[in-house]
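Working notes, beginning with the structure itself.
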Amino acid sequence: MTADSQSLDVHVWRGDDVEGKFERFSVPRQENQTILDVVAWIQQHSDPTLSYRYACRVGMCGSCAMTVNGVPRWTCRTHVKKVLSGDSVTIAPLRNLPVIKDLAVDMDPFFDKWVAAGGVHHPSKSREDAIEQLDPATPARVETDTGIECINCSVCYAACDTVANNVDFLGPAALQRAWTVFLDPKDADPNAILEAVSGKGGCHNCHSQGSCTLHCPNDLNPMKAIAGLKRATVASFFQGGR
């Protein structure tokens with residue numbers, strides 16, 4: 001890549017939740033430059049104390065998510081040309097998560113809610129039993145396939161206004177995971193999942209604004225999954241079970 005004569009005016013959040021500010025950096029503009037390239041250049045050439053997270057090529061895709069000009073994104077796939085405001089770009093940590101330092105956030109609350117949503121498999125067979133063969137064309141399997149590509153990058157969580165205003169809300173990713181497990185015919189306790197997602201902070205707290213679906217980098221539809229959980233919990237209440 002060949003740098004041209006122009007530079008990018010980059011404003012980067014420095015600090016944590018308690019104290020911090022945006023600092024300005026001048027970064028050489030290059031052809032096909034991503035936001036992650038910009039952050040890496042600052043850390044390597046301007047300020048080695050800048051903290052951020054990424055895990056390219058080591059099986060943790062999505063960990064580079066940050067807020068770019070107010071929008072949560074994967075910075076590795078966000079080209080500078082697509083998000084520039086004039087010659088300026090603002091980079092901040094993800095919203096709705098505690099900031100450890102600079103652009104690195106604490107993911108523990110996100111994963112704690114993922115567990116609390118009950119999206120863990122309840123086995124119906126032992127290791128001695130034969131593996132059950134499922135038809136991939138069944139409606140439940142087709143619906144499940146729409147959500148299994150979630151990689152827990154938390155972009156949807158950062159985009160969610162309900163999470164921002166309700167600390168108990170489980171969030172789109174956790175609820176989408178619960179929906180995929182609920183649909184699995186091999187799961188032995190779907191009612192446990194419905195119980196987990198119907199309580200305080202559960203699926204009925206979702207306002208269906210759709211920010212999760214709009215900003216999902218994998219083009220998933222957590223809002224549709226949450227709607228499915230809403231229907232299932234209501235049906236379970238009136239029918240006394242799944």
Side-chain angles (χ1 to χ4, degrees), residues 1-107 109-110 149-161 163-164 171-173 209-220 222:
M1 294 185 293
T2 302
D4 60 25
S5 59
Q6 294 180 309
S7 296
L8 300 171
D9 186 23
V10 184
H11 301 262
V12 179
W13 178 259
R14 308 302 304 277
D16 54 26
D17 284 335
V18 178
E19 185 176 359
K21 63 180 180 179
F22 283 98
E23 290 188 8
R24 181 179 178 184
F25 297 90
S26 181
V27 178
R29 181 180 294 188
Q30 298 179 331
E31 188 69 23
N32 297 323
Q33 190 175 25
T34 68
I35 295 297
L36 186 58
D37 291 333
V38 170
V39 174
W41 189 95
I42 293 172
Q43 195 270 336
Q44 294 169 10
H45 299 282
S46 185
D47 188 346
T49 68
L50 176 64
S51 296
Y52 65 105
R53 183 184 288 120
Y54 76 104
C56 298
R57 293 181 288 279
V58 293
M60 288 295 291
C61 189
S63 60
C64 69
M66 304 172 199
T67 303
V68 182
N69 285 352
V71 178
R73 298 176 178 273
W74 289 351
T75 55
C76 65
R77 290 191 179 182
T78 300
H79 286 265
V80 171
K81 290 180 179 180
K82 295 182 178 180
V83 295
L84 271 183
S85 178
D87 291 322
S88 180
V89 62
T90 300
I91 308 172
L94 289 178
R95 190 175 66 142
N96 298 333
L97 290 165
V99 180
I100 299 173
K101 181 177 181 289
D102 302 337
L103 302 173
V105 296
D106 183 358
M107 296 286 288
F110 173 82
E149 294 301 322
C150 174
I151 61 172
N152 294 320
C153 67
S154 75
V155 164
C156 64
Y157 190 87
C160 180
D161 287 333
V163 171
Q209 293 174 310
S211 296
C212 54
T213 298
L214 176 65
H215 295 292
C216 177
N218 266 350
D219 295 325
L220 305 184

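By convention here, the first residue in the shown sequence is residue 1.
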Side chain proximity check, Val38 to Leu8, heavy atoms < 4.5 angstrom: yes
Could you give me the CA-CA distance, side-chain angles and deciding distance for Val71 and His215, then say whether side-chain contact (heavy atoms from CB on, under 4.5 Å) is met? CA-CA 8 Å; Val71 178; His215 295 292; 3.6 Å; yes
Asp161 bridged to Arg95 by N-O distance under 4.0 Å: yes
Evaluate side-chain contact (heavy atoms from CB on, under 4.5 Å) for Cys76 paired with Asp37, printing each intermediate quantity in order. CA-CA 8 Å; Cys76 65; Asp37 291 333; over 6 Å; no
Could you give all pairs that pass the salt bridge (charged side-chain N to carboxylate O under 4.0 Å, His left out) test and reach residues 63-83, with sequence neighbours left out? Glu31-Lys81
Would you say the side-chain atoms of Thr67 pair up with the backbone N or O of Pro93, donor to acceptor, closer than 3.5 Å? yes
Can you tell me how far CH2 of Trp13 sits from CZ of Phe22, rounded to the nearest 0.5 angstrom? 6.0 Å
How long is the span from the OH atom in Tyr52 to the CG atom in Leu36, to the nearest 0.5 Å? 6.0 Å
Quick check: closest heavy atoms across Gly171 and Tyr157, and the distance to 0.1 Å? CA-CD1, 4.2 Å
Nearest heavy-atom neighbours spanning Ala65 and Val155: CB-CG2, 3.8 Å
With side chains defined as the heavy atoms from C-beta onward, is the minimum distance between Trp74 and Ile151 less than 4.5 Å? yes
Quick check: does any side chain N or O of Asp87 sit under 3.5 Å from a backbone N or O of Asp9, one acting as donor and the other as acceptor? no
Determine whether a donor-acceptor pair (N or O, by modelled atom type, separation under 3.5 Å) exists between the side chain of Asp16 and the backbone of Val99. no
Please answer whether the main-chain N or O of Ser7 pairs with a side-chain N or O of Ser26 as donor and acceptor at a distance below 3.5 Å. no
Say whether, by atom type as modelled, one donor and one acceptor occur between the side chain of Asp106 and the main chain of Pro98 under 3.5 angstrom. no
Please report the interatomic distance SG(Cys212) to CG(Leu220), rounded to the nearest 0.5 Å. 10.0 Å
Output for pair (His11 NE2, Glu23 CD), nearest 0.5 Å, gives 11.5 Å
Locate the shortest heavy-atom distance separating Lys101 from Ser51; write the atom from each residue and the value. NZ-OG, 3.3 Å
Looking at every heavy atom in both Ala55 and Ser63, which two are closest together, and how far apart are they? N-OG, 3.2 Å
Do Leu97 and Met107 come within less than 4.5 Å of each other through their side chains, counting heavy atoms only? yes
I'd like to check Thr78 versus Val83 (side-chain heavy atoms, cut-off strictly below 4.5 Å). Are they in contact? yes
Quick check on side-chain hydrogen bond (donor to acceptor under 3.5 Å, both in side chains): which of Arg14, Gln43, Arg53 does Asp102 satisfy it with? Arg14
Determine, step by step, whether His45 and Val27 satisfy the side-chain contact (heavy atoms from CB on, under 4.5 Å) criterion, reporting the C-alpha distance in whole Å, the side-chain angles of both residues, the deciding distance to 0.1 Å, and the verdict. CA-CA 9 Å; His45 299 282; Val27 178; over 6 Å; no
Counting C-beta onward and ignoring hydrogens, is there a side-chain heavy-atom pair between Arg29 and Val80 closer than 4.5 Å? no
For the side chain to side chain contact (heavy atoms under 4.5 Å, CB included) test, which of Leu103, Val39, Val68 pairs with Thr75? Val68
Distance check, rounded to the nearest 0.5 Å: Leu50 atom CG versus Gln44 atom CD? 10.5 Å
Measure from the side-chain N and O atoms of Asn69 to the backbone N and O of Ile91, and report whether any donor-acceptor pair falls under 3.5 Å. no
Heavy-atom closest contact (Ala158 atom, Asn96 atom, distance): O-ND2, 3.3 Å
Under the criterion side-chain contact (heavy atoms from CB on, under 4.5 Å), I'd like the reasoning laid out for Cys150 against Asn152: C-alpha separation, chi angles, the key distance, then a yes or no. CA-CA 6 Å; Cys150 174; Asn152 294 320; 3.7 Å; yes
With a 4.5 Å cut-off on side-chain heavy atoms, are Cys160 and Pro172 touching? yes
Measure across Tyr54 and Cys64 and return the closest heavy-atom pair with its distance rounded to 0.1 Å. CB-CB, 3.8 Å
